[in-house]
Amino acid sequence: MSENSQFRFGAATGVGSLPGDDAREAVKTAAGTFEDFPFLPELPARGPGADMIGRSAGMLVELYARVEPSGWRLGDRPGRDTRRARAWLGEDLDALEEFTQGYEGPLKVQAVGPWTLAAALELRGGEAVLSDAGACRDLAASLAEGLRLHLAELRRRVPGAQLVLQLDEPSLTAVLRGRVRTASGYRTHRAVDRQIVEATLRDLVGVHDGGPVVVHSCAPDVPFALLRRAGVAGVSFDFALLTERDDEAIGEAVEGGTRLFAGVVPGTDGPLSDPAGSVMGVRTLWRRLGLHPGLLAEAVTVTPSCGLAGASPEYARRALAHCVRAARSLADNPE
């Protein structure tokens with residue numbers, strides 16, 4: 001079993017982003033819906049710096065990024081965009097502190113992982129950080145130090161929380177397979193060696209001082225085995241993208257104590273099935289793998305399939321509440 005297998009995760013939580021631009025309202029929704037596993041929401045609708053990449057760029061130590069027409073680019077000094085990203089994060093932390101007074105239990109916070117950040121951030125010349133191995137190392141070290149400070153701040157503000165760090169890595173598979181496009185769009189960057197990818201992620205996992213780290217990717221072909229070797233406690237994914245090719249890796253992950261964050265509730269507006277229907281695929285997978293039904297509630301956290309930034313506020317609230325009901329259905333009727 002993994003060293004985090006005894007950690008008590010909640011039965012359901014959100015992925016990260018929510019619609020709207022009101023930090024207090026978003027945190028109130030996240031904390032009120034998931035009473036035993038709240039998360040710190042991200043609100044990209046506020047603009048650059050509140051988006052996934054900009055928010056994490058604002059956490060970097062001794063590296064600074066600014067917005068260019070092509071995206072986020074590293075620069076020499078902190079400018080308006082860095083200050084804005086940090087101000088919004090501070091606003092979010094104020095709201096989190098307000099709505100988690102006295103809370104004790106798991107609390108999830110998100111940041112972009114080193115490889116998706118390297119694929120998204122540009123060097124001064126306009127090419128991705130991913131194009132330069134030394135720049136990738138510097139970026140990962142800067143992110144690690146920024147996350148240390150961020151987690152320390154969270155412990156100070158919510159002292160009863162058991163922090164779960166989620167690293168968002170939607171570009172991870174593309175990095176491993178050499179599918180990240182160059183600035184011109186005509187070529188792709190060379191695939192990064194799997195051992196380097198794994199070692200970098202392991203270093204980031206180590207930042208959390210023995211606390212659980214989850215990696216989220218809503219892309220196909222999530223590298224479950226690599227993530228397990230890197231020491232993650234859980235893998236968050238879009239359940240609809242799984243194929244039977246993933247069965248063996250998932251079975252080994254569950255038996256090794258890795259938590260599955262199963263994204264079974266659609267991330268954009270549409271009709272929701274009944275709660276039992278939403279987790280039917282999870283039960284089917286369990287039977288196919290020959291896993292004990294009693295393990296289900298111990299091994300699975302129910303989430304939306306991806307962030308909810310593109311959903312309407314009303315649907316987002318319904319989707320989060322639906323995750324709680326679906327998780328209850330899974331616990332009550334594992335078979």
Side-chain angles (χ1 to χ4, degrees), residues 48-49 51-68 70-79 81-82 85 110-151 165-208 213-219 221-232 235-236:
D51 62 298
M52 187 171 89
I53 299 300
R55 183 183 183 95
S56 294
M59 293 181 191
L60 297 174
V61 173
E62 294 182 4
L63 285 179
Y64 311 102
R66 64 179 186 272
V67 180
E68 296 285 341
S70 54
W72 285 89
R73 182 173 296 181
L74 293 176
D76 296 321
R77 60 183 68 85
D81 298 322
T82 297
Q110 303 82 224
V112 177
W115 293 109
T116 295
L117 208 54
L121 285 179
E122 298 172 357
L123 295 166
R124 289 168 183 78
E127 202 51 85
V129 170
L130 192 64
S131 65
D132 183 321
C136 286
R137 285 193 295 273
D138 291 346
L139 178 64
S142 173
L143 177 62
E145 191 53 39
L147 287 174
R148 271 193 200 95
L149 296 171
H150 182 51
L151 291 166
L165 174 61
Q166 175 180 303
L167 296 175
D168 291 320
E169 284 282 17
S171 300
L172 182 59
T173 301
V175 167
L176 287 165
R177 296 189 176 178
R179 292 180 181 166
V180 178
R181 294 205 168 274
T182 58
S184 69
Y186 295 124
R187 294 186 304 110
T188 55
H189 292 289
R190 187 179 303 159
V192 180
D193 183 273
R194 295 181 79 86
Q195 289 180 310
I196 292 172
V197 169
E198 183 184 320
T200 303
L201 286 169
R202 190 180 299 113
D203 288 345
L204 265 291
V205 168
V207 165
H208 193 12
V213 174
V214 173
V215 168
H216 167 73
S217 173
C218 45
D221 299 321
V222 176
F224 286 94
L226 182 149
L227 293 173
R228 278 185 60 225
R229 290 194 303 271
V232 307
V235 181
S236 170

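What you see below is based on every heavy atom in this structure, not just the backbone, and it leaves out hydrogens, waters and symmetry mates.
Applying the side-chain hydrogen bond (donor to acceptor under 3.5 Å, both in side chains) criterion to Ser56, with sequence neighbours excluded, gives no partner residue. Checked against side-chain hydrogen bond (donor to acceptor under 3.5 Å, both in side chains), Thr182 has the following partners two or more places apart in sequence or in another chain: Ser184. The side-chain hydrogen bond (donor to acceptor under 3.5 Å, both in side chains) check on Arg228 picks up nothing, with sequence neighbours excluded. Partners of Tyr64 under the ring pair (Phe, Tyr, Trp, His ring centres under 6.0 Å) rule, at least two apart in sequence or in another chain, do not exist in this structure. Judged as a side-chain contact (heavy atoms from CB on, under 4.5 Å), and not counting sequence neighbours, the contacts of Ala128 are Leu130, His189. With sequence neighbours excluded, the residues that form a side-chain contact (heavy atoms from CB on, under 4.5 Å) with Ala120 are Ile53.
Annotation: the span from Leu204 atom CG to Arg148 atom CZ amounts to 9.0 Å, rounded to 0.5 Å. Remark: Leu149 CG to Met59 CE distance equals 10.5 Å, nearest 0.5 Å. How far CG of Leu143 is from CH2 of Trp115: 11.5 Å, rounded to the nearest 0.5 Å.
For Ser236 (side chain) and Val215 (main-chain N/O), no donor-acceptor pair under 3.5 Å exists by modelled atom type. Remark: the backbone N or O of Leu201 is not paired with any side-chain donor or acceptor of Asp203 at under 3.5 angstrom.
Annotation: salt bridge (charged side-chain N to carboxylate O under 4.0 Å, His left out) contacts involving residues 113-127, sequence neighbours excluded, comprise Arg73-Glu122, Asp76-Arg124. The side-chain hydrogen bond (donor to acceptor under 3.5 Å, both in side chains) analysis of residues 166-180, with sequence neighbours excluded, yields the pairs Lys108-Gln166, Thr116-Glu169, Gln166-Asp168, Arg177-Asp221. Legend: salt bridge (charged side-chain N to carboxylate O under 4.0 Å, His left out) pairs involving residues 183-200, not counting sequence neighbours, sorted by first then second residue: Glu198-Arg202, Glu198-Arg229. Identified under the salt bridge (charged side-chain N to carboxylate O under 4.0 Å, His left out) test for residues 131-140, with sequence neighbours left out: none.
Between Leu227 and Leu172 there is a side-chain heavy-atom pair separated by less than 4.5 Å. When side chains are defined from C-beta on, Val129 does not count as touching Leu117, because their heavy atoms never get closer than 4.5 Å.
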Test side chain to side chain contact (heavy atoms under 4.5 Å, CB included) on Leu165 and Val205 and set out the steps. CA-CA 9 Å; Leu165 174 61; Val205 168; over 6 Å; no
Please assess Leu226 against Leu176 for the test side chain to side chain contact (heavy atoms under 4.5 Å, CB included), listing each intermediate value before the final yes or no. CA-CA 11 Å; Leu226 182 149; Leu176 287 165; 4.1 Å; yes
Set out, in order, the CA-CA distance, both residues' side-chain angles and the distance that settles side chain to side chain contact (heavy atoms under 4.5 Å, CB included) for Leu147 and Leu167, then state yes or no. CA-CA 10 Å; Leu147 287 174; Leu167 296 175; 4.0 Å; yes
What's the verdict on side chain to side chain contact (heavy atoms under 4.5 Å, CB included) for Val67 and Asp51, showing C-alpha distance, side-chain angles and the deciding distance? CA-CA 11 Å; Val67 180; Asp51 62 298; over 6 Å; no
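In this structure, Leu123 and Ala135 approach most closely via the heavy-atom pair CD2-CB, 3.9 Å. Residues Gly126 and Ala183 share a closest heavy-atom pair of O-CB, 3.7 Å. Residues Pro170 and Ser217 share a closest heavy-atom pair of CA-OG, 3.7 Å. In this structure, Leu151 and Val207 approach most closely via the heavy-atom pair CD1-CG1, 4.4 Å.
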